[in-house]
Amino acid sequence: MNVKKLFLPAISIALSGIVFSCSNDNMTLEPISETNAEVSALSAARNASSLAAYFGDNIDLSNLPNYANQAIPMYVFRNNTPFINRITDEGATLGRVLFYDKSLSSNNRVSCSSCHKQELAFGDDNAASQGVNGKTGRHSMRLINVRFAEEFKVFWDKRASSLDTQTTMPIRDHAEMGYSGRDGAPSFDNLIAKLQRLDYYQELFTRVYGSPEITEEKIQKALAQFVSSIISFDSKYDEGRAMISSEFLDFPNFTAEENLGKKLYMEFPVAVAGTRAGGGLGCASCHFAPEFGMTTLSGNNGVIDKMGSTEKDLTVTNSPSMRDLVNANGQPHAPMMHSAVFSTLEQVIDHYNNIPKEARTDKLDNNLRLRSLNATPEEKKAVIAFMKTLTGKNVYKDKKWSNPFITQ
């Protein structure tokens, strides 16, 4: 069975048909209904006997949340989601279950959500996340607007070529979720056999793929759909951006300080003799508005030490979105950078204001070669005020991204 050919149309072989539905960034396929009464009755019986027992009313296959056609602002145009794995309501629902299921770890104690918590913009407030056989070597990235980044590679070092590929790498990691197949640990085949025995996956995989068979590719696609569905576009920035024609204009809902911070963030610096003599701070050269994700071909940002060590880690060239860095009180959700070395936005701005001049930063991003920005205290404060406008509200409370289990 060819999963790639099957995935989009095969919401279920039991479905009567599909209908094209267009949003401003996706063309998706939605299920209409089941016409076969026997199949419908079987689905209802399975839902009552297995899904309800695990999820209560958190998952209702007859009334799924909207993942596929969420409202995306007209000014957002980047989308790195491959067409062969567009988001569907049923695929993302399966991904949600997988994301929160501790059965995906070898000791049944760790899920994807253990390191990516909804209340923390799907990040972790621990410097290093706890896995089944130790801790992660780098701080967990937030998972906000992943599909809108210009950079489609994943992880701090971009070692995953796509989000689909990334989703099962932590599961296969010996320290994180333990299905590494080394040092006596179970293999990924052991995980598939384990999931195959769980009755709720029989129902969910059949619903999405038309067959209860579980494969790594099916797991990857479902998890990627759920993660791609996690979006945040209801911030103060978005409210202001909707009022004007360009992000370079002052936003009517911003304070004077926030508009100054936006201007400094967006505009390039004017350099004289290797230092900034005017203009902005050039933040947008690496984190484009309005998505604020990482640009492609980015280099190291001058934070070069491994977590808790002075050993170099120059392979770090990626970043999560700048959106939702802080909570409703304006405080960072968690330590920042791959090594969790900064705990305040002031420390982050100070780092970029004067990147250490040392040979160890030999892989520094070209946009950061102007190491002395000469930002004044007022400019630093303004940029931080602007960054705080990028935090939304709904992503922290929407139930469709929450833990569906009543048993875990």
Side-chain angles (χ1 to χ4, degrees), residues 113-131 134-145 155-157 176 232 235-237 257-258 261 264-265 281 283 286-287 292-294 298 300-358 360-361 364-365 368 371-373 375-393 395-396:
S113 66
S114 299
C115 305
H116 301 282
K117 303 164 186 172
Q118 183 180 14
E119 66 272 19
L120 300 174
F122 290 92
D124 195 353
D125 49 355
N126 296 307
S129 302
Q130 182 63 54
K135 293 188 176 182
T136 56
R138 295 179 177 131
H139 181 62
S140 292
M141 282 184 165
R142 286 169 292 106
L143 303 178
I144 296 290
N145 293 353
F155 287 122
W156 287 104
D157 56 6
E176 292 187 50
S232 181
S235 66
K236 186 175 183 179
Y237 171 88
E257 182 178 57
E258 289 166 344
L264 291 165
Y265 183 100
L281 301 182
C283 309
C286 291
H287 303 279
F292 297 96
M294 196 70 199
S298 52
N300 187 269
N301 70 346
V303 179
I304 59 176
D305 292 339
K306 290 186 176 180
M307 188 180 296
S309 169
T310 57
E311 185 180 350
K312 286 194 297 185
D313 189 0
L314 296 178
T315 60
V316 174
T317 58
N318 207 357
S319 167
S321 171
M322 301 291 285
R323 287 178 175 266
D324 290 272
L325 269 171
V326 301
N327 60 27
N329 296 321
Q331 299 303 311
H333 288 296
M336 290 161 283
M337 305 297 177
H338 71 278
S339 56
V341 67
F342 301 139
S343 59
T344 69
L345 293 179
E346 287 78 8
Q347 290 173 325
V348 173
I349 299 300
D350 283 341
H351 166 75
Y352 287 114
N353 191 44
N354 192 18
I355 294 176
K357 297 177 174 63
E358 52 180 284
R360 294 199 305 160
T361 56
L364 194 67
D365 188 283
L368 300 175
R371 301 182 190 214
S372 298
L373 293 176
T376 67
E378 292 75 18
E379 288 176 327
K380 294 178 188 178
K381 187 179 176 183
V383 171
I384 290 172
F386 168 68
M387 292 169 68
K388 291 180 179 180
T389 70
L390 302 179
T391 289
K393 308 173 189 69
V395 72
Y396 304 100

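Bear in mind the structure is a predicted one, so any value in this text is a computation, not a measurement.
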Exercise. Minimum heavy-atom separation for Met294 to His287, with atom names?
Worked result: SD-CE1, 3.5 Å
Problem set entry | Heavy-atom donor-acceptor pair, Asn329 side chain to Gln331 backbone, under 3.5 Å | no
For this session: Nearest 0.5 Å please: distance from the OG atom of Ser140 over to the NZ atom of Lys117.
Result: 8.5 Å
For this session: Give, for atom CE of Met322 and atom CZ of Phe292, the distance between the pair rounded to the nearest 0.5 Å.
Result: 8.5 Å
Exercise. Do you know the tightest heavy-atom contact between Asp365 and Cys286?
Worked result: OD1-SG, 4.2 Å
Exercise. Side chain of Ser298, backbone of Thr317: donor and acceptor closer than 3.5 Å?
Worked result: yes
Problem set entry | Nearest heavy atoms of Asp350 and Lys380, plus distance in Å | OD1-NZ, 2.9 Å
Exercise. Do the side chains of Pro320 and Ile144 get nearer than 4.5 Å, heavy atoms only?
Worked result: no
Problem set entry | Any side-chain heavy-atom pair of Trp156 and Asp313 under 4.5 Å | no
For this session: Output all residues satisfying ring-ring contact (aromatic ring centres under 6.0 Å, His included) with Phe155, sequence neighbours left out; order by chain, then residue number.
Result: none
Exercise. Considering all heavy atoms of both residues, which atom of Ala375 and which atom of Leu281 are nearest to each other, and what is their separation?
Worked result: CB-CD2, 4.1 Å
Exercise. Does any non-hydrogen side-chain atom of Ser339 lie less than 4.5 Å from one of Asp305?
Worked result: no
Problem set entry | His338 side chain vs Val316 backbone, donor-acceptor pair below 3.5 Å | no
Exercise. Nearest heavy-atom pair of Arg138 and Thr136: which atoms, and what distance?
Worked result: O-OG1, 3.0 Å
Seminar exercise, completed: To the nearest 0.5 Å, atom OG1 of Thr389 lies from atom CZ of Arg323 at 8.5 Å
For this session: Answer whether the closest heavy-atom distance between the side chains of Ile384 and Glu346 falls below 4.5 Å.
Result: yes
For this session: Output, in order, the C-alpha distance, side-chain angles, deciding distance and verdict of side chain to side chain contact (heavy atoms under 4.5 Å, CB included) for Val348 and Met337.
Result: CA-CA 9 Å; Val348 173; Met337 305 297 177; 4.1 Å; yes
Exercise. Has the side chain of Asn300 got a donor or acceptor atom that lies under 3.5 Å from a matching backbone atom of Gly302?
Worked result: yes
Exercise. Who pairs with Phe386 by ring-ring contact (aromatic ring centres under 6.0 Å, His included), at least two apart in sequence or on another chain?
Worked result: Tyr265
Exercise. Mind checking what makes side-chain hydrogen bond (donor to acceptor under 3.5 Å, both in side chains) contact with Lys135, not counting sequence neighbours?
Worked result: none
Exercise. If we only count heavy atoms from C-beta on, is the Val326 to Met387 side-chain gap below 4.5 Å?
Worked result: no
Exercise. Roughly how far, to the nearest 0.5 Å, is the NZ atom of Lys393 from the OG atom of Ser235?
Worked result: 7.0 Å
For this session: Check step by step if side chain to side chain contact (heavy atoms under 4.5 Å, CB included) holds for Met141 and Asn318.
Result: CA-CA 10 Å; Met141 282 184 165; Asn318 207 357; 4.1 Å; yes
Exercise. Ignoring hydrogens and geometry, is there a side-chain-to-backbone donor-acceptor pair from Arg142 to Ser321 under 3.5 Å?
Worked result: yes
For this session: Look up atom CD1 in Ile304 and atom OG1 in Thr310, then write down how far apart they are to the nearest 0.5 Å.
Result: 9.5 Å
Exercise. Do Asp125 and His333 have side-chain heavy atoms sitting under 4.5 Å apart?
Worked result: no
Exercise. When rounded to the nearest 0.5 angstrom, what distance separates CD in Glu176 from CD in Gln130?
Worked result: 11.0 Å
Problem set entry | Distance-minimising heavy-atom pair for Asp324 and Thr391 | CA-OG1, 3.5 Å
Exercise. Is there a side-chain contact between Ser113 and Gln118, using heavy atoms and a 4.5 Å cut-off?
Worked result: no
Exercise. Would you say His139's side chain and Asn126's backbone share a donor-acceptor pair under 3.5 angstrom?
Worked result: yes
Exercise. Between Leu345 and Met336, is any pair of side-chain heavy atoms under 4.5 Å apart?
Worked result: yes
For this session: Give the intermediate values and the outcome of side chain to side chain donor-acceptor pair (under 3.5 Å) for residues Asn327 and Tyr396.
Result: CA-CA 10 Å; Asn327 60 27; Tyr396 304 100; over 6 Å; no
